[in-house]
Amino acid sequence: MAVVLGLSSVFALLGLKRPQLSRYILLMLVVLVCFSAMLIKGNQGYNLAWAFICPPLSIFLLGYRRGAVISGLYLAMVVGLMVAQGDSWQATQWHGGALANIIMIYLGLFAFACHYEASRRSSHEHLREANAKLALLAIQDDLTGLYNRRYIEDLLLNSEQESIFVAMVDIDDFKSINDRYGHPVGDEVLKQTAHILQDVVAEEGIVGRWGGEEFIIVHYADQPSVFVNLLEALVQQVRQRSNQYGPSVTISVGGSTYYKQFHKASLHHVDHALYDAKESGKNDYRIVRHAYHGDLLL
Ligand SMILES: Nc1nc2c(ncn2[C@@H]2O[C@H](COP(=O)(O)OP(=O)(O)OP(=O)(O)O)[C@@H](O)[C@H]2O)c(=O)[nH]1
C-alpha cells in the first residue's frame, strides 16, 4: 500500500503535473506509516513520536490553513486510536527526558515548517508583483505610459464590437523639433501630445503609441459623424494646447472604419488617410470611406 501511494504521488507530480494532488497522496502515505507504526508497536519506546510527524509535515506541504485542518483531523484520529487501543497498551514508566526530547523534536519540526511556509509565501508574493510589473511592461509604452502597438493590435483583433473606427495620429515635422530643441524636448512633446490625445478621447476610446511619433486611436463611436467630430477636436486641441508646455505642435490624422477580418487592409486604409492629410498640407485630418461587401473590403 505504501509503495502504491509513493508511486502515485510521484506520478501525480511528474506525470499529471498536479503537485497539490501529489502532496495529499504523500500525506496519506505518511499517515498510513505513522498509524501502522502505532498499531504494530503500540506505545513502546519512542513509538508515539510518530504521532508528531504528520502535523508539521502537513503545514510544510499544504500551507498554514489546510495544514492546520489536516493536523486537527489527524490528531483527532490519533486520540481515537489511543482510546481504542488503550486497553492493550502496556503501562510504561514515566520518562521525563524522553518526553522533553519528543517535544523538542516536534517544536523544531514545527518551527521549520512555519519558517518554510513563511518564506514560500513571501517569494510567492514577490513573484506575483514581478509578474504584474512584467505584464504591464508587455502592454505599455515606456515613454508615454500609453498602451503599446502589440496591445492595440490584440485589442483590435479580439474586439467583439461591430462598429469600430481607427485613427492614426502623426506629429507634424517632429524631426525638426528634435533637431531644433534636442531629443529630451522631443520626448517631452511626445508625452504632452499623448496626454492631450488621451484627454480628448477620454472614455470613448483607447489611445496607444504606434511607434516613433505616431499614435493610434481606437474609437467606439456608433455614428461616423461622432468619429469625424473627434478627429476635428484632436487636431484643434493639440494645436491650441501644445504650446502651453513647450514648442508649438500640430498633428495630421487619418481615420477609417475598422473590420477585424480585414485587419491589415483596414489599417492600410487608415495609413492612406494619414498620408492624404500630410500631402494636403498637414495640421488636418482625412477620412477614407470604404465599404465592406461580403468578403471584400472596398
Ligand atoms: N525625441 C524622440 N524622437 C523620436 C522618437 N521616436 C522617433 N523619433 C524621431 O521622430 C522623427 C520622425 O521624423 P520623420 O519620420 O522624418 O517625420 P516628421 O519630421 O514628423 O515629418 P512628417 O511626418 O512629414 O511631418 C525622427 O527624427 C526620429 O528620430 C522618440 O521616442 N523620441
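Just follow the structure's listing: the first ligand is 1, and inside any ligand the first atom is 1.
- Partner T250 forms a side-chain hydrogen bond (donor to acceptor under 3.5 Å, both in side chains) with one of N283, D173, D172 and no other, that one being D172.
- Partners of N148 according to the side chain to side chain donor-acceptor pair (under 3.5 Å) rule, which considers only residues two or more places apart in sequence or in another chain, do not exist here.
- Taking H268 as the reference, nothing meets the ring-ring contact (aromatic ring centres under 6.0 Å, His included) condition, with sequence neighbours excluded.
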Steps toward salt bridge (charged side-chain N to carboxylate O under 4.0 Å, His left out) verdict (R150, D154): CA-CA 6 Å; R150 187 191 305 137; D154 280 354; over 6 Å; no
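- Listed by chain and number, residues touching ligand 1 at under 4.0 Å (heavy atoms only) are D170, I171, D172, D173, F174, K175, N178, H183, G186, D187, L190, R209, G212, E213, K278, K282.
- Residues that satisfy the side-chain contact (heavy atoms from CB on, under 4.5 Å) test with D271, not counting sequence neighbours, are M168, E214, L274.
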Can you list the steps and then say if R241 with D199 is a salt bridge (charged side-chain N to carboxylate O under 4.0 Å, His left out)? CA-CA 11 Å; R241 289 166 61 180; D199 205 31; 2.9 Å; yes
